[in-house]
**Q** 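Quick one: the structure is below, questions incoming.
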Amino acid sequence: MDNLEIAWVLSRIADYYEILGESAFRVNAYRRAAETVERLDRPVAEVLEDLPGVGKSIRAVIEELLTTGESQLLRSLEERVPGDLLRLLDVPGIGPRTIYRLYTELGLTTVEEVRAAAEAKKIRTLKGFGGKVEARILEGIRAMGKRRERVPLAEVYPLAQALVAQIRRIPGVLDAVVGGSIRRVEPTIGDIDIAVKTTTPEEVSERIVRLRGVREILARGEDALSFQYELLWPIRVDIRFFAPEIFGSGLVYFTGDKEHNIYLRRLAKGRGYHLSEWGFEREADPTDRILCPEEEDVYRVLDLFAPSPELRIGDTPFRPENRERISHLVRLEDIRGDLHMHTDYSDGGDTLEAMARAALARGYTYIAITDHSRSLKVAGGLSLERLREQGEEIRRLEERLSEEAGRPFVILRGAEVDILPDGSLDYEDEVLRELDLVVASVHTHFQQSREEITARIVRAARHPFVDIIGHPTGRVYGRRDAYALDVEALIAAAQESGVTLELNSHPYRLDLGPPHLALAQEHGVRIAINTDAHNVEGLEDMFFGVATARKAYVLRDTVINTWDFPRLWSYLRRNRGPSPYRGRQV
DNA sequence: GCCGTTTTCGGCCCGACTGTTTTCAGTCG
């Protein structure tokens, strides 16, 4: 049983306990344990003894799951709450207490029975329930299964930026910032959170609800506004209004994550303060307030540094082992080049020159052009002849741009070479040796067994002329699961062969993800943060990749495209010998 | 259920909004 399955059982137990009216603290304990297990970067069995928030009882459940694959506790809970009532938890506005009352007071045990009872107007007979609750239940059941769950960051990000830009233009808006999981650069997003700085929330709110795309208003008060937003597809938007003097505490609160907020509030409490989005209040004397116009103010009161948003996961940035490393983490401004991009030679949308100029404008000192190899016909893979042609154009362009820029600008002649189903590569060794840089990636036969695909990619990782394994797991958020690859085996192979693993920055991919990145770094494996850009705009995705690396506490020095060119070059020549085209100094 | 240089018992983060009431529980984030 893997970590995800165990986490699922724990959160299931929490759901049952919640419906049964168990202590909220017990429910919370299971829920937190589930999250802890889900986030682990190694099998739970290895670290079960010292898992924070996992004590005797929950440990026993996990041990039982590990040995028998089942949980007696879960089974007995399933008997106590028969049917499929748990599914109602997914209905917005329906929570555990409502489900509990439907079960105990009306004897309903299935979603179908609940629907029938709502249609027969029986639910409104319960004390405190009216027609609106009934309507909400019916609407929720109707929408079940059709509802989209979390959406890939790639799809939400531009939408959120456009929306916040519109809000900024509304009179009375002093500032507006996207918060929540988007600001934390999480790979999937549940809703769009926006913190608005204003002294006139009512007027601003009135203007926001008239924006194009605003559908159903879900909640609207003095300080908050929620609505369904729909341009191409629907997503919930939550907006909070904060006065300038509390915008810092408001933005901290609205950025999260939830565990991070709880940690900060507990810390405040230990110092006799009550912390909320309104700022600090001394518990002994509520009139004694500390206002926080900036986020840094909140952290300063607690004697903490303000972690960048992507690091705000529970208390992790403040743990001693991370705290020391934090100033050495890779930053966007450390990136000196991009080692994976496409041009219109294959399936890119922009020319070689446009891509190179855009990279130069970003301040890069080197890039690698890595169009697809010949067998990938759907992506216009390059024949040997086209590859050679491109190489010549690259040489001329490099010279011209370096001259124009008045500084060296290196364009590496690379390729993204297909790893064929048997693990061999799509160009002959002589061709690979002549290239400056080879990214090897899987683009076909995703469905191979774990053994097959692991052997396939490991074989490529051991090839002397492969420099980078591109998007190693192949996962594409919202579209495709990872290959069945044994990533740990790949990391072990990379440790041996010295090949670099890619962190593909495209927000649909973010592959490798943080747990694997951390594991790779721990084993001394190098990482390349690349955009895999298919047009000029794609180069901007580097931001997502760097944030993802930071979540894994990847250090600057682990990332080969933070190195200066001589160091990178000697790495690239490690198995190829001297280059016939390029001296050591550039 | 978990946890402890304030505690092995007694706490456990906090507030906005809705619906149905008339002071609050439930839900959500």
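Order of the sequence lines fixes the chain letters, A, B, ..., with proteins taken first and strands second; residue numbering starts at 1 for each chain.
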**Q** Can you check the A:Phe280 CZ to B:dG15 P distance for me, whole Å?
**A** 13 Å
**Q** With the criterion being N/O to N/O and under 3.5 Å, what pairs connect the protein with nucleotides 24-29 of chain B, and how long is each?
**A**
{"unit_1": "B:dG26", "atom_1": "O3'", "unit_2": "A:Thr98", "atom_2": "OG1", "d": "3.4"}
{"unit_1": "B:dT27", "atom_1": "OP1", "unit_2": "A:Gly95", "atom_2": "N", "d": "2.7"}
{"unit_1": "B:dT27", "atom_1": "OP1", "unit_2": "A:Gly95", "atom_2": "O", "d": "3.1"}
{"unit_1": "B:dT27", "atom_1": "OP1", "unit_2": "A:Thr98", "atom_2": "N", "d": "3.0"}
{"unit_1": "B:dT27", "atom_1": "OP1", "unit_2": "A:Thr98", "atom_2": "OG1", "d": "2.3"}
{"unit_1": "B:dT27", "atom_1": "OP2", "unit_2": "A:Arg97", "atom_2": "N", "d": "3.1"}
{"unit_1": "B:dC28", "atom_1": "OP1", "unit_2": "A:Gly93", "atom_2": "N", "d": "2.7"}

**Q** Mind telling me whether A:Tyr299 and A:His260 have parallel, tilted or perpendicular rings, with 30° and 60° as the class edges?
**A**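 Taking A:Tyr299 first and then A:His260, their aromatic rings sit tilted (interplane angle of 30° to 60°).
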**Q** Taking OH from A:Tyr273 and P from B:dC14, how many angstroms apart are they, rounded to a whole number?
**A** 15 Å
**Q** Both A:Glu283 and A:Ala224 contact DNA chain B. Which one's nearest nucleotide lies toward the 5' end?
**A**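 Final value for this comparison: A:Glu283.
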**Q** Would you kindly give the CG-to-P distance between A:Leu302 and B:dC13, to the nearest whole Å?
**A** 15 Å
**Q** Does A:Tyr30 have its ring centroid less than 6.0 Å away from the ring centroid of A:Tyr17?
**A** yes
**Q** How would you list all residue pairs meeting ring-ring contact (aromatic ring centres under 6.0 Å, His included) that involve residues 75-97 of chain A, not counting sequence neighbours?
**A**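 Qualifying pairs, neighbours excluded: none.
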**Q** Just how far, in rounded Å, is C1' of B:dC13 from CG of A:Asp315?
**A**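 Interatomic distance, CG of A:Asp315 to C1' of B:dC13: 15 Å.
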**Q** Should A:Arg265 and A:Glu283 count as an ion pair when the cut-off is N to O under 4.0 Å?
**A** no
**Q** What integer number of Å spans the P atoms of B:dG15 and B:dT20?
**A** 26 Å
**Q** Taking B:dC2 as the reference, what is the distance to B:dT8 when you measure between their C1' atoms (whole Å, please)?
**A**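 Result for the C1' pair: 12 Å, nearest Å.
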**Q** Check each of A:Tyr508, A:Phe544, A:Tyr477 against A:Tyr157 using the ring-ring contact (aromatic ring centres under 6.0 Å, His included) test, and report the only one that passes.
**A**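 For A:Tyr157, the ring-ring contact (aromatic ring centres under 6.0 Å, His included) check succeeds only for A:Phe544.
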**Q** Rounding to a whole Å, what distance do you find between A:Glu222:CD and B:dA16:C1'?
**A** 10 Å
**Q** So, does A:Asn261 use its side chain to make a donor-acceptor pair with the main chain of A:Lys258 at under 3.5 Å?
**A**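 Not confirmed, A:Asn261 side chain does not pair with A:Lys258 backbone.
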**Q** For nucleotides B:dT18 and B:dT23, find the distance between their C1' atoms and express it as a whole number of Å.
**A** 14 Å
**Q** Would you mind building the protein contact string for nucleotides 1-12 of chain B? One character per nucleotide, 5' to 3', B for base within reach (heavy atoms under 4.0 Å), S for sugar-phosphate only, - for untouched.
**A** BSS--------B
**Q** Provide, to the nearest angstrom, the distance between the CG atom belonging to A:Asp257 and the C1' atom belonging to B:dC13.
**A**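 Those two atoms, CG and C1', are 13 Å apart.
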**Q** In Å and rounded to the nearest 0.5 Å, what is the CG to CD distance from A:Leu51 to A:Glu46?
**A**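 Reported to 0.5 Å precision, the distance equals 12.0 Å.
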**Q** Between B:dC14 atom P and A:Leu275 atom CG, what is the distance in whole Å?
**A**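 Going from CG in A:Leu275 over to P in B:dC14 covers 8 Å.
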**Q** Are any side-chain N or O atoms of A:Arg289 and backbone N or O atoms of A:Trp278, one a donor and one an acceptor, separated by less than 3.5 Å?
**A**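 Flag set: sc A:Arg289 to bb A:Trp278 pair under 3.5 Å.
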**Q** Round to the nearest Å and state the distance from A:Ile246 atom CD1 to B:dG15 atom P.
**A**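 Going from A:Ile246 (CD1) to B:dG15 (P), I get 12 Å.
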**Q** Kindly label the base of B:dT7 as syn or anti, based on whether its glycosidic torsion lies within 90° of 0.
**A**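 Syn conformation here, the glycosidic angle of B:dT7 being no more than 90° from 0.
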**Q** Check whether any side-chain N or O of A:Asp257 sits under 3.5 Å from a backbone N or O of A:Gly314 as a donor-acceptor pair, and report yes or no.
**A**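 The answer is yes, because a donor-acceptor pair under 3.5 Å joins these two groups.
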**Q** Have a look at A:Gly131 and say if it touches a base, only the backbone sugar-phosphate, or nothing, with a 4.0 Å heavy-atom cut-off.
**A** sugar-phosphate
**Q** Given the C1' atoms of B:dC28 and B:dT22, what is the spacing between them in whole Å?
**A** 24 Å
**Q** Can you tell me how far C1' in B:dC12 sits from the matching atom in B:dT7, rounded to whole Å?
**A**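 The answer is 13 Å between these two C1' atoms.
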**Q** Roughly how many Å apart are B:dC13 and B:dT21, using the C1' atom of each and rounding to a whole number?
**A**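 The same atom, C1', in both gives a distance of 27 Å.
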**Q** For B:dC13, take OP1 and OP2 only and decide whether either is under 4.0 Å from a side-chain N or O of A:His274.
**A**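 It does not, given that no N or O in the side chain of A:His274 lies less than 4.0 Å from OP1 or OP2 of B:dC13.
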**Q** Please report the closest heavy-atom contact between A:Val91 and A:Ile141, naming both atoms and the distance.
**A** CG2-N, 4.3 Å
**Q** When you compare B:dT6 with B:dG10, how far apart are their C1' atoms, in angstrom units rounded to a whole number?
**A** 13 Å
**Q** For B:dG29, what is the paired nucleotide under Watson-Crick or G-U wobble rules, both distances under 3.5 Å?
**A** B:dC14
**Q** Could A:Arg184 and A:Glu310 be called an ion pair, given the rule that one side-chain N must be under 4.0 Å from one carboxylate O?
**A** no
**Q** Give one of base, sugar-phosphate or nothing for A:Asn261, where a contact means two heavy atoms less than 4.0 Å apart.
**A** nothing
